[in-house]
Amino acid sequence: MQALVWQGGNLVEPAEVAAPDPGPGWALIEPAYVGLCGTDLHICAGEHPRARPGIVIGHEIVGRLSAACGELEAGTAVFVNPLLSCGTCRACRRGRAHVCEQLRLIGIDVNGGAAELVAAPADHLLPLPATLDFRSAALVEPVAVAVRAVRRGGLSLGERVHVIGAGPIGLLVGTCARGAGAASVTLSEPVARRAEAAAAFGLELVDVSAQDHSADVVFDCTGHPSVSPTVLGWAATGGTVVTVGTYPGVVGTNLQDLLFRELKLIGTRVYTPDDVAAAVALVAQGAIDV
């Protein structure tokens with residue numbers, strides 16, 4: 001079959017690869033749309049620590065079942081949850097499989113969805129509403145990331161939100177926060193074209209140097225080391241900072257400020273099945289401007 005393969009270095013190209021042979025408990029899906037994530041760009045630049053040359057990329061997958069699977073008929077429209085957990089580590093045993101100590105992903109650790117066929121565990125498939133078109137559904141996976149982030153932030157009705165970084169995830173987090181009842185949502189973004197996109201999305205931009213301890217909940221959607229030293233400065237005393245973007249490793253932040261102002265610093269990673277179901281509903285209901 002044809003697939004989009006990272007060959008190593010920065011070479012990504014269509015290539016002929018063997019069709020997947022799903023084992024017991026796995027299903028075959030015919031992808032309709034596959035989103036390209038920032039992670040895919042890192043893979044294709046040779047910057048991802050786990051991906052290996054020869055991998056078929058693509059972990060944001062929607063498509064149709066190639067053959068009947070359990071109660072699902074062939075041709076059923078599905079979202080593919082790409083998370084592969086070990087099932088035995090402490091996190092998995094405690095019901096937190098999305099932060100499995102050995103977490104792998106379809107499209108990063110095993111062949112992904114940018115192909116004519118992709119294999120996935122049967123219990124990782126979520127049927128899509130008949131009213132939801134595939135092109136819109138292609139955004140479900142990143143929306144699930146945003147849903148998880150907003151839920152992790154514990155946002156309460158009427159609180160003020162600030163989002164650092166107006167990339168796709170930042171825009172989705174801001175939109176989800178607004179839908180969750182934030183009284184105001186501001187964004188800071190130094191890249192002009194991204195700032196313009198945020199403004200077109202109806203989100204309020206503030207200057208990156210305008211830190212005024214104003215937001216009850218801050219979402220750092222950058223993962224950029226230049227942001228971490230000042231990220232706490234966006235939060236009001238007693239507020240919460242949620243790290244959404246993936247940092248490259250150890251970075252600096254002002255833990256004295258965290259202590260003195262009783263701030264909360266929270267991590268969020270991917271999503272749970274419940275977050276995915278919420279994302280499907282939001283996209284299907286038109287709550288997200290896909």
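The cluster map of Ile, Leu, Val, Met, Phe, Trp and Tyr, joined by side-chain heavy atoms under 4.5 Å apart, puts I43 and Y247 in different clusters. If you chain together hydrophobic residues whose side chains sit under 4.5 Å apart, V34 and M1 never meet in one group. Residues L171 and L205 are members of one and the same hydrophobic cluster, defined by side-chain heavy-atom contacts under 4.5 angstrom among Ile, Leu, Val, Met, Phe, Trp and Tyr. Cluster membership for V80 and I108, using ILVMFWY side-chain heavy atoms within less than 4.5 angstrom, is not shared. Tracing side-chain contacts under 4.5 Å through hydrophobic residues (I, L, V, M, F, W, Y), one never reaches I61 starting from I57; they form parts of separate clusters.
Dense packing is recorded around CD of E16, with more than 12 heavy atoms of other residues, nucleotides or ligands lying under 6.0 Å away. Atom CD of E73 is surrounded by 12 or fewer heavy atoms from other residues, nucleotides or ligands within 6.0 Å. Heavy atoms from other residues, nucleotides or ligands lying under 6.0 Å from CD of E262 number 12 at most. Annotation for Q2: atom CD counts as buried by contact number, over 12 foreign heavy atoms lying within 6.0 Å.
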One pair to check against side-chain contact (heavy atoms from CB on, under 4.5 Å): L265 and V231. What are the steps and the verdict?
CA-CA 10 Å; L265 183 60; V231 66; 5.6 Å; no
Residue pair V62, V78: steps toward the side-chain contact (heavy atoms from CB on, under 4.5 Å) verdict:
CA-CA 6 Å; V62 290; V78 294; over 6 Å; no
Yes or no on side-chain contact (heavy atoms from CB on, under 4.5 Å) for I288 and T175, after CA distance, side-chain angles and deciding distance?
CA-CA 7 Å; I288 303 293; T175 302; 3.8 Å; yes
For D275 and H98: C-alpha separation, side-chain torsions, deciding distance, then whether side-chain contact (heavy atoms from CB on, under 4.5 Å) applies.
CA-CA 11 Å; D275 299 323; H98 67 293; 6.0 Å; no
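In this structure, CZ in R96 is found 12.5 Å from CG in L103, a value given to the nearest 0.5 Å. Taken from CD1 in I55 to CD1 in I106, the straight-line distance is 10.5 Å, to the nearest 0.5 Å. Here the straight-line distance linking atom CZ of R152 with atom OG1 of T240 works out to 10.5 Å at 0.5 Å rounding. Distance check, rounded to the nearest 0.5 Å: CZ of R104 to OG of S85 gives 9.5 Å. Atom SG of C44 sits about 10.5 Å away from atom CD of Q7, to the nearest 0.5 Å. With values rounded to the nearest 0.5 angstrom, C176 atom SG is found 9.5 Å from R151 atom CZ.
With R261 contributing its side chain and L232 its backbone, the two residues share a donor-acceptor pair below 3.5 Å. Looking only at distances, a side-chain donor or acceptor of E189 sits under 3.5 Å from a matching main-chain atom of V191. The closest donor-acceptor contact from the side chain of T246 to the backbone of G223 lies at 3.5 Å or more, if one exists at all. Distance alone, capped at 3.5 Å, is enough to place a donor-acceptor pair between the S228 side chain and the G252 backbone. R64 places no side-chain N or O within donor-acceptor distance of the main-chain N or O of E30, the cut-off being under 3.5 Å. Side-chain atoms of E159 come within 3.5 Å of backbone N or O of S156 as a donor-acceptor pair.
Annotation for A198 and A166: closest pair CB-CB, 3.9 Å, computed over non-hydrogen atoms. Across V5 and A15, no two heavy atoms sit closer than the pair CG2-CB, 4.0 Å. Annotation for A115 and A3: closest pair CB-CB, 3.6 Å, computed over non-hydrogen atoms. Closest heavy-atom contact between A182 and V161: CB-CG2, 3.8 Å. Minimum heavy-atom separation, A177 to L155: O-CD2, 3.5 Å. A pairwise comparison of heavy atoms in E60 and A138 identifies OE1-O, 4.3 Å as the closest pair.
Put simply, the side chain of C221 does not reach to within 4.5 Å of the side chain of I164, judged on heavy atoms. Counting only heavy atoms from C-beta outward, the side chains of P20 and N111 never approach each other to under 4.5 Å. Side-chain atoms of V206 and W234, non-hydrogen and from C-beta on, do get closer than 4.5 Å to each other. Side-chain atoms of C86 and E101, non-hydrogen and from C-beta on, never get closer than 4.5 Å to each other. Taking 4.5 Å as the limit, some side-chain heavy atom of P248 sits within range of a side-chain heavy atom of P225. Within the 4.5 Å cutoff, the side chain of V150 has heavy atoms near those of the F219 side chain. No side-chain heavy atom of T243 sits less than 4.5 Å from a side-chain heavy atom of I266.
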Side chains of residues 117-133: which donor-acceptor pairs under 3.5 Å do they make with residues two or more places apart or in other chains?
residue, atom, partner, partner atom, Å
H124, NE2, L83, O, 2.7
D133, OD1, S136, OG, 2.8
D133, OD2, R135, N, 3.3
D133, OD2, S136, N, 2.9
D133, OD2, S136, OG, 3.2

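Judged purely by distance below 3.5 Å, without hydrogens or angles, the side chains of Y271 and E141 pair a donor atom with an acceptor atom. No side-chain N or O of T39 forms a donor-acceptor pair with one of H48 less than 3.5 Å apart. Counted by atom type alone, T186 and H162 present one or more donor-acceptor pairs between their side chains at under 3.5 Å. In the model, T222 has a side-chain atom that pairs as donor or acceptor with a side-chain atom of D220 under 3.5 Å.
Between R148 and the options D274, V173, T272, a side-chain contact (heavy atoms from CB on, under 4.5 Å) holds for only T272. Partner of V218 under the side-chain contact (heavy atoms from CB on, under 4.5 Å) criterion, chosen from V241, L263, V242: V241.
Chaining together hydrophobic side chains whose heavy atoms lie under 4.5 Å apart leaves L11 on its own.
Using a 4.0 Å cut-off between charged nitrogen and carboxylate oxygen, R52 and D109 do not count as a salt-bridge pair.
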